[in-house]
Asker: 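Before anything else, here's the structure in question.
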2 protein chains.
Amino acid sequence: MSKNAKFDRTEVIEKATNLYWEKGYHGTSMRNLQTAIDLRPGSIYATFGSKDNLFKEAINHYAAQTGNLLQDCLDQSATPLTGLKLFIKKLIIDNLDGKPSCMCMIVKSLSELTESDNKELLDEVKKILSNIENRLAGIITDAIDADELDQSKDAMELASYLQVQIIGLRTYARLNNNKEIVNKFIDQIFVGAPFH
Amino acid sequence: MSKNAKFDRTEVIEKATNLYWEKGYHGTSMRNLQTAIDLRPGSIYATFGSKDNLFKEAINHYAAQTGNLLQDCLDQSATPLTGLKLFIKKLIIDNLDGKPSCMCMIVKSLSELTESDNKELLDEVKKILSNIENRLAGIITDAIDADELDQSKDAMELASYLQVQIIGLRTYARLNNNKEIVNKFIDQIFVGAPFH
DNA sequence: TTAATAATAGAACACTCGTTCATTATACAT
DNA sequence: ATGTATAATGAACGAGTGTTCTATTATTAA
């Protein structure tokens, strides 16, 4: 009766994600995207509706990807905290080269979007970061339940602390891409206050 | 023989800084700037040359302002480390409301500018952050010399650590503007590893 | 083979971008 | 008061923005 799209939707979103990740929302033009994903405006707008909506799909794709990495790390680790630590190391050390940016795309977006000009996208970004925090808190709760952390610990507080550390390290890595010192700082996250 | 500019150059830079700080480099248009600083294109371009150059002056103004705050905090504190801690508290807690952004303008710029599209500005930003790190290292060296920290400490490493913490906290504050927890985290910077 | 349907291409739209420039206004030296 | 140098104005430029739309192409059911 009709014909199907000849491009792979997921592949297109992946390419769009990488461009947005590198250049940011404002720094990426629809013309940039057209060439990067090799689609003409008609197809893009028929499929995604708008630049904003494509960005929304891109950043959610990025978040899902990151969530998968976290789950993989937990699955291949003996305890919640060692899984968490592996995740942070993979996220920061392994992402230093070859990726669109060593920084977190979600944090980059949190940084550039404004309440006045991009409220809807900003809310989406905050929602995603809040979900991540809850996910981290859940893992920390698992660690408490498994006696890997003592019961006096506040899971939400430690999750906040982890977010601060990850954000700080990934951003700092853009300035000073030094694997040795980043590695050292990651180890220290789990030994000092507030973890012990 | 001629007439002098009737606007105050510093005042104009201040207004430009606040707009760039809030909206970022790409999010701020020359039209936005024209209305914010109340100057027509001719005057702006005669005075500052280009959008890029105005941004450069703005971010250096921001850095100088932040440097002054740091110096004030050191001057009114008994020791280097207490001065540093006061600085961080003022920077983060007091900046939560009323400022164009609770995030650091320099970090926002580091986040949005790219090697491919804005190399010159990005290099300026990295230079500024590197200067800040050296400044922090100097203060930590003072702390070591004053026996506030023991001599085994590596000033540059602690300075990096401080940068990570400040970047992480200020960015996190945009997500979760919670003075109590931010305050707690600031206190913890100086009690856990790698400081003690 | 034909008719129906949807995907695609790419020209074009209205608008905004950073920037330039001819003009007008202003202030000081003579 | 007048001439001169400079500051300020704001219309205008070409290029780029996000988006729309029509014509074309491709696919599948009948």
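Letters go in sequence order (proteins before strands), and every chain restarts at 1.
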Asker: Extract from the structure each pairing of a protein N or O with an N or O of nucleotides 22-24 of chain D at less than 3.5 Å, listing the distance.
Answerer:
none

Asker: Give a yes-or-no answer on whether the side chains of A:Q65 and A:H61 include a donor-acceptor pair shorter than 3.5 Å.
Answerer: yes

Asker: Say whether A:T79 and A:E148, considering side chains only, have a donor N or O and an acceptor N or O under 3.5 Å apart.
Answerer: yes

Asker: Rounded to whole angstrom units, what separation is found between the CG atom of B:L39 and the P atom of C:dT19?
Answerer: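 After rounding, the reported distance stands at 16 Å.
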
Asker: To the nearest Å, give me how far apart CZ (A:F55) and P (D:dG18) are.
Answerer: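 Checked: the CZ to P distance equals 13 Å.
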
Asker: Regarding A:D150 and A:S152, do their side chains bring together a donor and an acceptor under 3.5 Å, going by distance alone?
Answerer: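 Their side chains do contain a donor-acceptor pair, which is all the 3.5 Å distance test asks for.
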
Asker: Remember a base hit wins even if backbone is also touched, and classify B:S50 as base, sugar-phosphate or nothing at under 4.0 Å, heavy atoms.
Answerer: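 Sugar-phosphate, no base atom in range.
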
Asker: Does the plane of the ring in B:Y25 sit parallel, tilted or perpendicular to the ring in B:Y20? Use 30° and 60° as the thresholds.
Answerer: parallel

Asker: Find the distance between NZ (A:K108) and OG1 (A:T171) and round it off to the nearest 0.5 Å.
Answerer: 10.0 Å

Asker: Give the rounded distance in Å between these two atoms: NE2 of B:H26 and C1' of C:dG18.
Answerer: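 That distance rounds to 12 Å.
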
Asker: Between A:K51 (NZ) and D:dT19 (P), how many Å, whole number?
Answerer: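 Atom-to-atom, A:K51 to D:dT19, this comes out as 8 Å.
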
Asker: To the nearest Å, how far apart are A:I44 CD1 and C:dA7 P?
Answerer: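 One finds 15 Å between P of C:dA7 and CD1 of A:I44, rounded.
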
Asker: Side-chain donor-acceptor pair under 3.5 Å between B:N18 and B:E22, yes or no?
Answerer: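 Looking only at side-chain atoms, B:E22 and B:N18 do not form any donor-acceptor pair under 3.5 Å.
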
Asker: Begin from the C-alpha positions of B:D117 and B:K119 and carry the test salt bridge (charged side-chain N to carboxylate O under 4.0 Å, His left out) through to its verdict.
Answerer: CA-CA 6 Å; B:D117 296 332; B:K119 175 153 178 45; over 6 Å; no

Asker: Taking atom types as modelled, is there a side-chain donor on A:E112 or B:S111 under 3.5 Å from an acceptor on the other?
Answerer: no

Asker: If we ignore angles and hydrogens, is there a donor and acceptor under 3.5 Å between the side chains of B:N183 and B:K89?
Answerer: yes

Asker: Would you mind reading off the distance between B:L33 atom CG and C:dC17 atom C1', rounded to a whole angstrom?
Answerer: 12 Å

Asker: Rounded to whole Å, please give me the gap between CG in B:D117 and C1' in D:dG16.
Answerer: 14 Å

Asker: Rounded to whole angstrom units, what separation is found between the CG atom of A:D52 and the P atom of D:dG18?
Answerer: 10 Å

Asker: Tell me whether the OP1 or OP2 atom of D:dT19 has a side-chain N or O from A:Y45 closer than 4.0 Å.
Answerer: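 True: A:Y45 side-chain N/O within range (under 4.0 Å) of D:dT19 OP1/OP2.
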
Asker: Could you run down the sub-3.5 Å N/O contacts of the protein with nucleotides 10-13 of chain D?
Answerer:
unit_1	atom_1	unit_2	atom_2	d
D:dG10	O6	B:G42	N	2.9

